[in-house]
There are 2 protein chains.
Amino acid sequence: MKPTIYDIARLSGVSTATVSHVLNNTGRVRATTQEKVLRVINELEYQRDTTASALAGKNSYSIGFLVPDVNNLYFAEILRGVEDEAFQCGYSILICNTDHDQEKERTYLKMLRNKRMDGIIIATGSTPSAVIEDLARDNIHVTVLSREIPDTSIATVTVDNYLGGYMAAQHLAALRHRHIGFITEPLTIGSSRDRLRGFETALCDEAPQTRMYLSNDSGFGIQTGTRIATELITKHPVSAIFAANDQLAVGAIQACRQLGKRVPEDISIIGFDDTVLAKIVHPPLTTIAQPMYELGKRAASLTVTSIETGRQALEGVILKPELVVRESTGMFESERTDAR
Amino acid sequence: MKPTIYDIARLSGVSTATVSHVLNNTGRVRATTQEKVLRVINELEYQRDTTASALAGKNSYSIGFLVPDVNNLYFAEILRGVEDEAFQCGYSILICNTDHDQEKERTYLKMLRNKRMDGIIIATGSTPSAVIEDLARDNIHVTVLSREIPDTSIATVTVDNYLGGYMAAQHLAALRHRHIGFITEPLTIGSSRDRLRGFETALCDEAPQTRMYLSNDSGFGIQTGTRIATELITKHPVSAIFAANDQLAVGAIQACRQLGKRVPEDISIIGFDDTVLAKIVHPPLTTIAQPMYELGKRAASLTVTSIETGRQALEGVILKPELVVRESTGMFESERTDAR
DNA sequence: TTGAAAGCGGTACCAC
DNA sequence: GTGGTACCGCTTTCAA
């Protein structure tokens, strides 16, 4: 059986209080005593039981990570960043796949509370801030990841989605596209709205004569991308499409293939995120890159800081996106469109 | 503050023992008492504190998942299966990215013990079975995922890697390839060895005159695939390449592109796993599909069964791989090779 | 400097 | 049926 502090105490002839003191470097313990205790600790390969320690009021060294779906390149990479940083700091990550399901989210949140998580990183789109405040009341430090900064002051790590949308539009406008389709994620999600706003603003700023086409449909996956792109292309004279994430963009490329349109000659496509998909797909995807790993790391780091300083961080970290030009976008050539 | 059983006991005028009984449906509690207690529980929205419960000797309802890297499509999908099943059963998953690093693995294992995990799913390549037995001694139920069945009896979920390798060779042999390159993951990993054995055996069985070329180099990622494929193609007259995972295969395709070889006209490429990469890459990849999600689910399910029955499952689940033919493999045409 | 003891929130044995 | 109470393993106050 794993040794306990009682074993350590007995074998080194001191009380558990003293053992605890040397374990935590708290209180004044005579050097010789300390040494004696440490020797026994090493001898028995003693390791503090985190569960007991947590129950007694200390950290559980665990952080919950609420995420729509880890089996999604975007979130998988964020998760990697989160976990790496957490591991560095001595914390572990408990994953919660919500599938954008409010009910699952609530269930997970309860679980996390009952398991005494020290902190929670929320990367799902739409947790009401009331929930977040509840968590704070239970002394669980919350960090919101990858969506717009909510009203309530709370630790937030996000990419500048507005700017990202802006850059995408700028790129397309510079290539002289004047009829652009926009494939969005559900606009209930803050980041989606920001991307759209940025996109529209850039269009106004740089090429006010441009028309943008937005489907009522929205979603996340490749299939959705194909569906919406098909709708956009058949209903409107678009020569370019912005897809709010790489998966949607890949779907759009597939739609083009199905419809016999060449990318980028007939239709330019630009994505968002820069997951591996963007490099693998054919043609390689021009996209707005997000520093996903970094987002994860920063979120974890902020959370740990909150936990260890004992007060909820209020910082808002906003990272910059970056335009990565590959081969899926090209200059608009009018004669092609006429041939349409 | 969250209510405790003491609060419930006080407000419903009974002892904590009784509250515990109604919570656990253990012991005989008078119906009226039960009702009274339940009412208070609902009123206060009481929820059992898992940490305290675990310390008192019950389950922690947490399972550790040791995996090389969740930011890898193959493992991400397995993780999804693991988490879904665990969630269904009321357990949560703690992730541990080992990066094939023995040191990290040891550190994680300690962490998991100290956090009183009920079970651990090990999807990394090479945990010595001694470690596994240690875990068992601490009453932690272990399931090994996705590698060969070790000597010691232990719960194992795996795909038939031998068969997978066999099928890949069969496919290539049927296409009349007689000079085949083999890109492997490190052969320290059991599943890699099995794939290689299966591959070689099929070649013997079906086309003994075939030559196989194996590099000393090995690895996991796209870059590695490109590197090894380049070596294979420049040093040997290969007309086909088997890559032990889809990433390596994608790398191989990129190598072909760089070397001016067409896939599949000049070189056929077959992968392993069938991650999304296989569908996205150009040309779409012929590959040996693994039921990754299912693997994860089964592993979680076995683990939970072990935990809840109290005795380590010894079952060995072996799922079948499947050949998925896409466009990266084709019939060998001798005249092409002559032109080489 | 050290130790006795009262928790933390549950569980479960044993007596009534 | 129900309740008293001794743990689980560690932390921390308070007194010595």
Contact list for DNA chain C against residues 33-49 of chain B - heavy-atom distance below 4.0 Å: B/Tyr46, B/Gln47, B/Arg48, B/Asp49
Distance in angstrom units between A/Ile8 CD1 and D/dT11 C1', rounded: 16 Å
Proximal nucleotide (of C/dT11, D/dG3, C/dG9) relative to the B/Leu23 side chain: C/dT11
The single option from B/Pro291, B/Ser146, B/Ser191 passing side chain to side chain contact (heavy atoms under 4.5 Å, CB included) against B/Val159: B/Pro291
Nearest to side-chain heavy atoms of B/Ser53, which nucleotide of C/dG9, D/dC8, C/dT11: C/dT11
Row check, B/Tyr61 ring normal vs A/Lys115 NZ/CZ: under 6.0 Å, within 45°: no
The helix from C/dT1-D/dA16 to C/dC16-D/dG1: angle between end helix axes, five pairs per end, rounded to 10 degrees: 40°
Nucleotide nearest A/Val29 (side chain, heavy atoms from C-beta), chosen from C/dG3, D/dG9, C/dT2: C/dT2
Proximal nucleotide (of D/dC8, D/dT12, C/dG9) relative to the B/Arg116 side chain: D/dC8
Contact residues, residues 9-16 of chain B to DNA chain D [heavy atom, < 4.0 Å]: B/Gly13, B/Val14, B/Ser15, B/Thr16
Upstream residue (5' side of DNA chain C) when B/Arg28 and B/Leu55 are each assigned their closest nucleotide: B/Leu55
Nucleotide of D/dT11, D/dG4, C/dG3 approaching A/Ile5 most closely (side-chain heavy atoms): D/dT11
Residues B/Glu103 and B/Tyr108: side-chain donor-acceptor under 3.5 angstrom: no
Cationic tip of A/Lys104 above B/Phe87 ring, under 6.0 Å, 45° of axis: yes
